[in-house]
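Quick caveat: nothing in here was measured; it's all calculated off a predicted structure.
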Amino acid sequence: MRVRFDEQLEKLNVMLIDMGALCEEAITYAVKALETGSSEMREKAFSADEVIDDREREIESACLKLLLQQQPVAKDLRLISSALKMISDMERIGDQASDIAEITRFINPDKCGFNQDHISIMSETAIQMVTESVDSFVRRDIELANKVMKTDDKVDELFDKVKADLIEAVAADKSCGEYFVDILMIAKYLERISDHAVNIAEWVVFSITGEHVANDERTERNSEKDKS
């Protein structure tokens, strides 16, 4: 019985890796659509989001079957419940990548220029965080999960730099105000993606130790970001 259960857990890990890879692709396509204006990249981001939604349902079903058909011990229950929480965050990552792609329909970088270096670094860092958060779950690696949580500070700093750059850009050219607001929204979505990667990492720690960040600490952290 236990051997069969372990085999199903291994399949769950593979499904989570696949869903994490799709999240990486969705973010990459969305940012490429921003950088190049490519409608092909935009549509690929939308398609990736749709597949991510399908994967969420498949993994949810697999988790429920593990709970109903097997007799998991406390450690297994933590692992399965954490996986269910993680796929919810990954589904939101797909949504936010799709939101970025949607914004690129309406912006014209040729008309209003803006240095997107910080946006590019934000996207690369967010993708790395998503990858490492899922890897930390599969490898049961608390150190890697903690690294993801610490990297969130880097994304927050980059977001602040983007805001500062946009303030200067608006002061220099008020006619492009709408474009700059769109860029700010894209940066905000990337910051939120990194938050979801942190959530995943926190659930990894919970699945291993049974301890989780206190709700009031999480609420306070998110509240401070919302004020920014």
Side-chain angles (χ1 to χ4, degrees), residues 16-17 19-31 34 45 48-49 52-53 55-56 59 81-103 116 118-138 141-164 166 181-208 211-228:
L16 286 166
I17 291 171
M19 189 173 179
L22 286 165
C23 289
E24 298 164 30
E25 290 178 7
I27 302 166
T28 299
Y29 291 143
V31 173
L34 170 66
D49 180 37
I52 288 168
D53 291 342
R55 292 293 182 275
E56 181 191 26
I59 294 173
S81 62
S82 296
L84 286 167
K85 294 289 187 179
M86 289 167 57
I87 61 174
S88 177
D89 279 297
M90 284 194 274
E91 189 274 336
R92 290 297 299 137
I93 288 171
D95 286 347
Q96 286 159 349
S98 180
D99 289 336
I100 292 172
E102 181 66 26
I103 291 174
Q116 296 180 11
H118 291 143
I119 294 282
S120 295
I121 299 172
M122 280 186 78
S123 66
E124 292 169 2
T125 307
I127 289 171
Q128 177 185 351
M129 290 175 68
V130 172
T131 301
E132 292 182 344
S133 63
V134 176
D135 284 350
S136 69
F137 179 82
V138 174
D141 189 334
I142 290 181
E143 288 187 9
L144 186 57
N146 286 329
K147 177 190 173 187
V148 171
M149 289 184 262
K150 291 177 181 177
T151 305
D152 188 44
D153 291 337
K154 177 181 178 181
V155 177
D156 291 342
E157 291 172 3
L158 287 164
F159 180 64
D160 289 338
K161 290 178 181 178
V162 170
K163 287 195 295 183
L166 287 168
V181 169
D182 286 337
I183 294 295
L184 179 62
M185 286 300 301
I186 288 171
K188 190 64 178 176
Y189 283 132
L190 288 170
E191 188 226 15
R192 285 305 190 199
I193 286 171
S194 74
D195 286 343
H196 286 297
V198 169
N199 290 346
I200 294 170
E202 289 174 353
W203 284 113
V204 171
V205 174
F206 170 78
S207 73
I208 298 171
E211 298 179 358
H212 199 276
V213 175
N215 288 335
D216 55 346
E217 292 179 17
R218 178 191 294 275
T219 301
E220 180 179 356
R221 185 183 68 198
N222 290 337
S223 176
E224 288 301 316
K225 288 188 175 184
D226 288 337
K227 291 177 183 177
S228 63

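Taking 4.5 Å as the limit, every side-chain heavy atom of D99 sits out of range of all side-chain heavy atoms of M185. Between I183 and L166, the closest side-chain pair of non-hydrogen atoms falls below 4.5 Å. Counting heavy atoms from C-beta on, the side chains of L34 and I186 come closer than 4.5 Å. Considering only heavy atoms from C-beta on, K85 stays 4.5 Å or farther from N199 through its side chain. When side chains are defined from C-beta on, M129 does not count as touching K147, because their heavy atoms never get closer than 4.5 Å. Two residues are said to be in side-chain contact when any heavy atoms from C-beta on lie closer than 4.5 Å; F137 and L16 meet this criterion. Contact of the I93 side chain with the I27 side chain is registered, since non-hydrogen atoms from C-beta on lie closer than 4.5 Å. Proximity of F206 to S81: side-chain heavy atoms (C-beta onward) are separated by under 4.5 Å at one or more points.
Looking at S88 and E56, their side chains never bring a donor and an acceptor atom within 3.5 Å of each other. E132 and Q128 are linked by a side-chain donor-acceptor pair at a separation below 3.5 angstrom, with hydrogens and angles left out of the test. Checking D152 against S194 by side-chain atom types alone, a donor-acceptor pair falls below 3.5 Å.
Taking CD1 of I200 as the start and OG of S133 as the end, the distance is 4.0 Å to the nearest 0.5 Å. From C23, atom SG reaches atom CG of D95 across 9.5 Å, with rounding to the nearest 0.5 Å. For the atom pair CD1 (I193) and CG (D89), the distance works out to 11.5 Å, reported to the nearest 0.5 Å. A distance of 5.5 Å separates CD1 in I59 from CE in M90, rounded to the nearest 0.5 Å. From T151, atom OG1 reaches atom CG of N146 across 10.5 Å, with rounding to the nearest 0.5 Å. To the nearest 0.5 Å, the span separating OG1 on T131 from CG on L144 amounts to 10.0 Å.
Salt-bridge formation is detected for the pair D195/R192: a Lys NZ or Arg NE/NH1/NH2 atom is positioned less than 4.0 Å from an Asp or Glu carboxylate oxygen. A salt bridge is defined here as a Lys NZ or Arg NE, NH1 or NH2 lying under 4.0 Å from an Asp or Glu carboxylate O, and K188 with E191 meets this definition.
Smallest separation of non-hydrogen atoms from S136 and V204: OG-CG2, 3.5 Å. When every heavy atom of A187 is checked against every heavy atom of I119, the shortest pair comes out as CB-CD1, 3.7 Å. Of all heavy-atom pairs between A45 and A30, the closest is CB-N, 3.9 Å.
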Do M19 and I52 pass the side chain to side chain contact (heavy atoms under 4.5 Å, CB included) test, and can you show the C-alpha distance, the side-chain angles, and the key distance before you say yes or no?
CA-CA 6 Å; M19 189 173 179; I52 288 168; 3.7 Å; yes
Start with the C-alpha distance between D49 and D53, add both sets of side-chain angles, then the distance that settles side chain to side chain contact (heavy atoms under 4.5 Å, CB included), and finish with yes or no.
CA-CA 6 Å; D49 180 37; D53 291 342; 3.9 Å; yes
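Y189 pairs by the ring pair (Phe, Tyr, Trp, His ring centres under 6.0 Å) definition with nothing, not counting sequence neighbours.
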